[in-house]
Protein chains: 2
Amino acid sequence: MSTTGKQLFTTLTSDGTLTVEIVDSEFPDPTGNQVLVKMEAAPINPSDLAILTGAADFENAEYSPGKVVANMPEPFNSAAKARHDQRLPAGNEGAGTVVATGDSDMAKALMGQRVACVPGNAFSQYAIADAAMCLPLGDHSSEEGASSFVNPMTALGFAENARMDGQKAILHTVGASNLGQMLVKICQEDDLALVNIVRKQDQVDLLKGLGAEHVVNSSDDDFMDQLKSAIDTTDAFYGFDPIGGGKMIDSCFKAMEQVAVSKMTEYSRYGSNQAKRMFIYGRLDFAPTTLTPSYGFGWTLSGWLLTPFLQQAGMETMMRMRQRVIDNLTTTFASSYKTKVDLEAMLTKDAILDYRQMKTGEKYLVTPWG
Amino acid sequence: MSTTGKQLFTTLTSDGTLTVEIVDSEFPDPTGNQVLVKMEAAPINPSDLAILTGAADFENAEYSPGKVVANMPEPFNSAAKARHDQRLPAGNEGAGTVVATGDSDMAKALMGQRVACVPGNAFSQYAIADAAMCLPLGDHSSEEGASSFVNPMTALGFAENARMDGQKAILHTVGASNLGQMLVKICQEDDLALVNIVRKQDQVDLLKGLGAEHVVNSSDDDFMDQLKSAIDTTDAFYGFDPIGGGKMIDSCFKAMEQVAVSKMTEYSRYGSNQAKRMFIYGRLDFAPTTLTPSYGFGWTLSGWLLTPFLQQAGMETMMRMRQRVIDNLTTTFASSYKTKVDLEAMLTKDAILDYRQMKTGEKYLVTPWG
């Protein structure tokens, strides 16, 4: 006995043809520690778009109901060689109701409950999930719980990682994002200083309204001076960036170094001894990251991903983080959405061209049952 | 009582005027653990050029005996703001004879001996040095001992650092440099695998002649395939680069990731879990470093400098490394020079335009007494 329902698949062939389509699928009965979740809500996160749309040309794609075929330009098609000709599901996280379970006690205890989950195929009417990774939502709706993993755990991960590394301040280059707003609240609760970079005055106002102390606007003429002043006040030599491409990381390292150098009593040709650390945790901009030779040798830039961080942090830390999320789901960790779409509407031209821009505060929520 | 002699100074004023000149100077009597060294030989290392010449325009400079005045273009002049209007000595390392000492036993024991030292003003007829950092050269000449710190300790530092980080292989992007050739021998002695990148066929031949197993030529059409094959064979996911600018680091990360992905059984949108690490330890190219989004998030790029590494490694490790250098000064750690110049000849147009190119195998040796 199996269950049938609609599911989204994305396939890139070696000639650069990307097909995203809604397919009637069979879902096997859950076994062991698995549960079958009837999915009710799933956010379209930036981390989903890498596989869902990538850098394909959706302006000139072929659209039909529940299906879109687009061209993936070079060098992106070659760079994605590892996925060529594989039919992949999409959707990291979502929420729904457990309608069948495997034999394990942990799985059986979830029967009939509404849960948040991380199945990897959340853009689907059903998904098999690991009971250990399901978070019972209690009285919360699926919409409230849909985004309870990726953004909340990432924002909490930044604070955890900073403390592990002995830091008392964090810099975040996209302060006004959904995740950025969570980080403002987390840092207030945890007594961590936070330097927020935003692009517009209304984002400055938004964060100030949340009680953020240090908000600098990259559109202002004196951006670098604002940034240096905030770093000087907070000692934020440790930052997170989801943009990746362009010069933002370079600007942060420059500002950090100039603050450190201003405190040195003697000139060093090698720059300051102040350790400067930045992490790239997303790729809102696919352009190359450019790093100029203007901040010595005391810097480190790394990629940052949630899953390896959680593995490093260990199960106990992860469970503590998840409990904190559920305890504050409608406050610190509340997400908001621009609009809701069903699986078919998700693949229309208007929707794709809109959500793939990943504009701050304009996230889409997929409701697979309409 | 003090000693007088000629010394090189470099001064950058805020309007972008760089003056490098030989000045008659007074050297104080050494105290405590200090020794006064009559300097006999000092190499011009890439790490000296940052302060000596920087990015200044020596093609159109004003040359007079023992003096050159050049313009420092933007953005380099502003980036060097921290040194503006300071008269700085230059020359990290060199060798000479101890002609006076402070009161300490360690200092007094060096009286009359030929030593290698790291005074920071080695382009000078005399220098005050810390006795603890002096290496008695025994029967070796000052020319043989002049380069016994920066390159040997840096190359040994790579091997030490790799072992500290649990690595069994190193990648080096400038295999045929003086330092690169030392690294070939060190890795053979220490049973570390080494992937050497070079730019020319005669450099391939040179390294093969030293017994290097993995040498890839970046000028070959199949460079990336050669590089991937060498990484695949050695598991060199850990590399050192003195170029800094341009795309070499990007190419290394790409090759590492493609090797890692080829061993994965399942596609991941986030790339491989293989940790990839590169260090920039120099700036042969002042252009920006460009990093493309083509190797997931499992990578880290850092600056690397010898002094902080030695501080981290501790005194015992440093002493073991120095002993290894002196024991193998004319074999593993031998340096060769294109030519010798005195302090005045060092500041002629022909010399500056030549040594600032930092060509492989064309290092200058300064002999301050002619």
Side-chain angles (χ1 to χ4, degrees), chain A residues 47-48 50-52 54-55 75-76 78-84 86 88 90 92 244-245 247 249-250 254 258 261-262 264 266-273 275-277 279-283 285-305 307-308 311, chain B residues 47-48 50-52 54-55 75-76 78-84 86 88 90 92 244-245 247 249-250 254 258 261-262 264 266-273 275-277 279-283 285-305 307-308 311:
Chain A
S47 51
D48 296 314
I51 198 169
L52 189 63
F76 304 102
S78 292
K81 196 171 66 177
R83 65 169 284 195
H84 280 166
Q86 296 183 56
L88 300 169
N92 274 313
K247 297 184 171 177
I249 289 163
D250 193 57
K254 273 184 192 162
Q258 288 174 24
V261 164
S262 72
M264 290 168 71
E266 199 177 328
Y267 174 71
S268 163
R269 70 201 72 184
Y270 302 115
S272 75
N273 288 323
K276 297 164 286 293
R277 181 114 213 211
F279 297 92
I280 298 182
Y281 71 93
R283 267 288 172 182
D285 184 344
F286 280 103
T289 315
T290 60
L291 306 174
T292 58
S294 45
Y295 26 87
F297 291 83
W299 56 271
T300 293
L301 175 62
S302 303
W304 195 96
L305 273 184
T307 306
Q311 283 165 354
Chain B
S47 52
D48 295 314
I51 197 167
L52 189 63
F76 304 103
S78 292
K81 196 171 65 176
R83 64 171 284 196
H84 280 165
Q86 295 181 58
L88 300 169
N92 275 314
K247 296 184 172 179
I249 289 163
D250 193 58
K254 273 184 192 161
Q258 287 173 24
V261 164
S262 72
M264 290 168 70
E266 198 177 329
Y267 174 72
S268 164
R269 70 199 74 184
Y270 302 115
S272 76
N273 288 323
K276 296 164 287 292
R277 180 113 212 212
F279 297 91
I280 297 181
Y281 71 93
R283 267 287 172 182
D285 184 345
F286 280 104
T289 315
T290 60
L291 305 174
T292 58
S294 46
Y295 26 88
F297 290 84
W299 56 270
T300 293
L301 175 63
S302 302
W304 195 96
L305 273 184
T307 306
Q311 283 165 354

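Throughout, protein chains are lettered first and strands after them, A, B, ... in sequence-line order, and every chain is numbered starting at 1.
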What residues form a side-chain contact (heavy atoms from CB on, under 4.5 Å) with A82(B), not counting sequence neighbours?
->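 Counting only residues at least two positions away or on another chain, A82(B) forms a side-chain contact (heavy atoms from CB on, under 4.5 Å) with V261(A), Y267(A).
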
If I measure from the heavy atoms of chain A, does [X] come under 4.5 Å with its side chain, its backbone, both, or neither?
X       : value
S47(B)  : both
F76(B)  : neither
W299(B) : both

With a 4.5 angstrom heavy-atom cut-off, could you sort out which part of Y281(A) is near chain B: side chain, backbone, both or neither?
->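 The answer is the backbone of Y281(A).
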
Max heavy-atom pair count under 4.5 Å with chain B, selected residue of T289(A), N273(A), I51(A) =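 Most pairs with chain B among the choices: T289(A).
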
Residue, of L305(A), T292(A), T290(A), that accumulates the most heavy atom pairs under 4.5 Å with chain B |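 Highest number of pairs under 4.5 Å: L305(A).
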
Would you say that [X] contacts [Y] through its side chain, given a criterion of any heavy-atom pair below 4.5 Å between the two side chains?
X       : Y       : result
S302(B) : R277(B) : yes
I249(B) : L291(B) : yes
T300(A) : L301(B) : no

Contacts of F297(B) that satisfy ring-ring contact (aromatic ring centres under 6.0 Å, His included) - sequence neighbours left out |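 Per chain and number, F297(B) pairs via ring-ring contact (aromatic ring centres under 6.0 Å, His included) with no residue.
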
State, to 0.1 Å, how close R283(A) and P293(B) come at their nearest heavy-atom pair, and which atoms those are.
->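 For R283(A) versus P293(B), the nearest heavy atoms are NE-CB, 3.2 Å.
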
Residue selection (most heavy-atom pairs with chain A, distance under 4.5 Å) from Q86(B), R83(B), K254(B) |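 That would be R83(B).
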
